[in-house]
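So the structure is just underneath, and the comments pick up after that.
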Amino acid sequence: MRRLLVATLATALTLAGTALPAQAAPAPGGAGLGDEYFPDYGNSGYDVSHYDVRLRYYPEQDRLTGTTTILAAATQDLSSFHLDFVLDVASVKVNNRPATFAREGDHELVVTPPRAVTRGQAMTVVVQYSGVPSNKVAAGFTAWTRTADGGLAVGEPEMAWWWFPSNDHPSDKATFDVSVAVPDGVEVLSNGVMPRNPTQDILGWKRWSWRSVKPQATYLAFLAIGQYEITRDTAADGQQVINAYSDLLPPDFEDAARASVERTAEVIDWESSVFGPYAFEARGGVVAPPGALGFALETQTRPVYSSGFFRSGANMSVIVHENAHQWFGDAVSVDQWKEIWLNEGFASYAEWLWSEAQGEGTAQEIFDYLYATEPDDFWTVAPAEPGAAEIFGGAVYDRGAMTLHELRRAIGDDDFFALLRTWTAEKRYGNADTAEFIALAEKVSGQQLDELFQAWLYTPSKPAVEGASALAR
Ligand code: ARG
Ligand code: ZN
């Protein structure tokens, strides 16, 4: 952004002094998007509208080969630009012409097209590549998970680098086509709908195709490759419901997983009644092989779950949480990673609301319990300023949810639920930040709420609570 302003100013100055329009010199795009916690995640100088990721995967070698085609528009006159990527690049073309490319740092690919791209111009970027993603270390680790029968690309905030070149930041959302050829008998899951059934590829191989048609953050794109049992259904509104269960799940895990994931369409209907219309075109869930993942992720239209969530029976909380993220995180996305409580605090509060709706304990009871039992060090992290190391810490989830509960008590149920629905309606398919949420809360309620948000979101100590204090001490 700053670079653009300077260039514009330079152009204006030059114009003032000469008769002929002068061209601002094209400048390199940057290696980041100004994210306060992750300054080199994403890249500046262009805006992606679509990724076409076309791969082949060899499960025995954990080897990926393929091509990603990126449709983008330059947001400045660009002499070169960055992609975030770690696999081995064979060639890059920009607008049909071979470009040169070089590595920088541990996840940057710098692409120099033979001629500069002008501001506003469409760019078609074709990257051919291959590699063993589980061998690539970046940011100190490997986000790709190799399983006994395939692999998983499921992670936050880092994941895309290991399977497709991208502008890897939630502030640049795009639509996706993902297709992967695999040996017969192997399944491939990704986001959105299957526009067609798997097609014959080379002898003994099938190609699977997935399409996600609403703006999607790069970290919400996923791949699950391996032996999966797939269930298909049609929701009341006609949407494809596609769930998948790893064949490696022990039978008792599989029953508990199904008793949870098969209720996804019901959960989304309930969440729609609380948060407003569902923003996406499909529903589902994927349960990973045992031991493969240590978490669940709200991958767009189809969350992926660690099998561990279903160890001791059905677990609706995790289904409610990951699908609530379809509103908070996926439809309305953070514009900076420091705003992550807008995802996790809201998805956690959805669990409380579900509990309340099921008659299993009210949100107030859950609040009181946490308020009374969280240890001192829990209160030292402010949810809206957690620090990069704490973006998935307890404060972001639990204190974030407690913040929403205190807001609900302050403005009342009518305004609180109207606020949630207005937020998702106004911001869906885009990005948002905490200041915008606070402003909307004040607008909807007509109340001055700075003190409440300051205490709950920005102060690294335990906020005082009125009323509930008897229980809490
Ligand atoms: N957004 C995910 C969830 O709430 C959390 C992912 C955490 N990722 C991680 N690598 N710890 O459920
Ligand atoms: Zn979450």
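Order of appearance sets the numbers: ligands from 1, and atoms from 1 within every ligand. On a predicted model such as this, the values are computed, not experimentally measured, just so you know. Values below: every heavy atom of this structure, side chains too, minus hydrogens, waters and symmetry copies.
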Those atoms of ligand 1 less than 4.0 Å from some heavy atom in Glu156: 1 (N), 2 (C), 5 (C), 6 (C), 8 (N), 10 (N)
Run the numbers for me: atoms of ligand 1, each under 4.0 Å from some heavy atom of His321, listed by number. 3 (C), 4 (O), 12 (O)
Can you tell me which residue among Phe275, Trp341, Tyr349 is in a ring-ring contact (aromatic ring centres under 6.0 Å, His included) with Phe328? Phe275
So if I count the atoms of ligand 1 from 1 in the order they appear, which ones are less than 4.0 Å from some heavy atom of Leu297? 1 (N), 2 (C)
Taking 4.0 angstrom as the limit and counting only heavy atoms of Glu298, give me the atoms of ligand 1 inside it, by number and element. 1 (N), 2 (C), 3 (C)
If you have a sec, work out which protein heavy atom is nearest atom 9 (C) of ligand 1 and how many Å separate them, to one decimal? Phe295 CD2, 3.9 Å
So which protein heavy atom does atom 12 (O) of ligand 1 come closest to, and at what separation? Glu322 OE2, 2.8 Å
So that I know where these two stand, are Trp162 and Phe141 an aromatic pair - ring centroids less than 6.0 Å apart? yes
I'd like the atom name of the N/O/S atom in His321 lying closest to the Zn ion (ligand 2). NE2
In terms of atom number and element, which parts of ligand 1 are under 4.0 angstrom from non-hydrogen atoms of Glu344? 1 (N), 2 (C), 3 (C), 4 (O)
From Tyr305, Phe141, Phe392 - option closest to atom 7 (C) of ligand 1 by heavy atom: Phe392
Working for side chain to side chain contact (heavy atoms under 4.5 Å, CB included), residues Leu223 and Val53: CA-CA 11 Å; Leu223 264 189; Val53 184; over 6 Å; no
Give a yes or no on whether Asp413 atom CG has more than 12 heavy-atom contacts from other residues, nucleotides or ligands under 6.0 Å away. yes
Short N or O distance, Ala296 and ligand 1, threshold 3.5 Å exclusive: yes
Parallel, tilted or perpendicular: rings of His107 and Trp161 (30°, 60°): parallel
Stepwise side chain to side chain contact (heavy atoms under 4.5 Å, CB included) check, Leu83 with Tyr46: CA-CA 10 Å; Leu83 294 167; Tyr46 63 97; 3.5 Å; yes
Glu344 atom (N/O/S) at minimal separation from the Zn ion (ligand 2): OE1
Atom 5 (C) of ligand 1 - nearest protein heavy atom and its distance: Tyr397 OH, 3.3 Å
Walk me through whether Lys427 and Asp335 qualify under salt bridge (Lys or Arg N to Asp or Glu O under 4.0 Å). CA-CA 11 Å; Lys427 302 291 186 188; Asp335 64 5; over 6 Å; no
Only residue of Tyr219, Trp144, Phe176, Tyr129 satisfying ring-ring contact (aromatic ring centres under 6.0 Å, His included) with Phe164 is Phe176
